[in-house]
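As structure tokens, the structure follows; a few thoughts come after it.
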Amino acid sequence: IVIETALLNMYGKCGNLEKGRAIFDRMLNRNMYSWNAMLTAYAQHGYGEEVFELFELMKQQCIRPDRITFATILTACAALATLTTGRIIHATVIESGVCLDNVVGSAVVNMYSKCGSLEDAFRIFYTHEMNLAAWNAMIIAFSDNGYQKEALHLFRWMDLKGMDADEVTFVGILSVCANLADSVEGIWIHRRIVDRGMEFNYSVGNALVNMYSKCGNLEDAHYIFDKLHERN
RNA sequence: GAAUCAUGCC
């Protein structure tokens, strides 16, 4: 079963969904890894229909979705940007008793944001104990929906709480500064990045270059660009 | 202990 799932995953990741599905169908026994791998294969290649068909099949066979199943399906909803389906899945999550303090929390926040309901995203975020990924998802949610200032406020709040930002946080918040062309905030965040020793992280470095460029500070953009390439 | 997995940029 481990070998079969690994194979199925390999074909799925490579985009050979027919072959992956053939292996899945031929398996005599399947566990959560197998179901989730098949769902992920469809989800990561934009086959929303198939994701939901397979999810239905799970229900028919009385297989209880786990948090990874839900995270995968919510990501599919986000990609399809269909709010009604998203709400139904969210209801299913609540029904199943899976908590939102793990991978599912950020997936729910992200789903609501991508489906255009910033209100729901924030309501869920605000009423649950959320991990760093969910904070990141919420910052990006504000930014994507046109609330750059609110995204900055959330970042400041994180900072005050003493939460450690990661690569995703910094890339996201730097894009907010770039959108606003706000170099004062950008410089402050740059300092935070240096504090964390993440200035040579490739993604963060690129985001810094982009931020300084959008703020019209080509000198610093160029300086960081050079430093990045010396280092990498 | 690397068979499945969420949040960002390209």
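A, B, ... follow the sequence lines: proteins, then strands. Residue 1 opens every chain.
One interatomic measurement links the two molecules: CG of A:N206 to P of B:rG8, which rounds to 17 Å at whole-angstrom precision. For A:L74 and B:rC5, the CG to P distance is 15 Å, given to the nearest whole Å. If you measure from atom CG of A:L54 to atom P of B:rU4, you get 17 Å, rounded to the nearest angstrom. Taking atom CG of A:L132 as the reference point, atom P of B:rG8 lies 13 Å away to the nearest angstrom. The separation between A:N179 atom CG and B:rG8 atom P is 15 Å, rounded to whole Å. The distance from atom CD1 of A:I3 to atom P of B:rA2 is 16 Å, rounded to the nearest whole Å. With rounding to whole Å, A:N201 atom CG is found 11 Å from B:rG8 atom C1'. When rounded to the nearest whole Å, the span between OH of A:Y33 and P of B:rU4 equals 8 Å.
With a 6.0 Å cutoff to the six-membered ring centre and a 45° limit on the axis angle, A:R192 does not count as a cation-pi contact of A:F170.
Residue contacts for A:A137: at a heavy-atom cut-off of 4.0 Å it reaches the sugar-phosphate backbone alone, with no base atom in range. At the heavy-atom level, A:N110 lies under 4.0 Å from the strands shown only through sugar-phosphate atoms. Residue contacts for A:E167: at a heavy-atom cut-off of 4.0 Å it reaches a base atom on one of the strands shown. Contact annotation for A:N31: base contact, defined as any heavy-atom pair under 4.0 Å involving a base atom. Among the protein residues, A:S203 comes within range of the nucleic acid bases, having at least one heavy atom under 4.0 Å from a base atom.
If you run side-chain contact (heavy atoms from CB on, under 4.5 Å) between A:M32 and each of A:R64, A:R67, A:M58, only A:M58 comes through.
When distances are taken from the side chain of A:K114 to each of B:rA6, B:rA3, B:rU7, the shortest belongs to B:rU7. Across B:rC5, B:rU7, B:rG8, the shortest atom-to-atom separation from the side chain of A:T40 is found for B:rC5. When each of B:rA6, B:rU4, B:rG8 is scored by its nearest atom to the side-chain atoms of A:I68, the top-ranked nucleotide is B:rU4. Checking B:rA6, B:rG8, B:rU4 against every side-chain atom of A:K13, the shortest atom distance belongs to B:rU4. Here the side chain of A:A133 is nearest to one of B:rC5, B:rU7, B:rU4, namely B:rU7. In this structure, of B:rG8, B:rA6, B:rU7, it is B:rU7 that holds the atom nearest to the side chain of A:N136.
Using cut-offs of 30° and 60° on the angle between ring planes, the pair A:F142 and A:F122 is tilted.
Aromatic rings from A:F155 and A:W135 are positioned such that their centres are separated by 6.0 Å or more.
Contact check on A:D120 versus A:R87 returns a salt bridge, with a Lys/Arg side-chain nitrogen under 4.0 Å from an Asp/Glu carboxylate oxygen.
Within the 4.0 Å cut-off from OP1 or OP2 of B:rU4, at least one side-chain nitrogen or oxygen of A:N9 is found.
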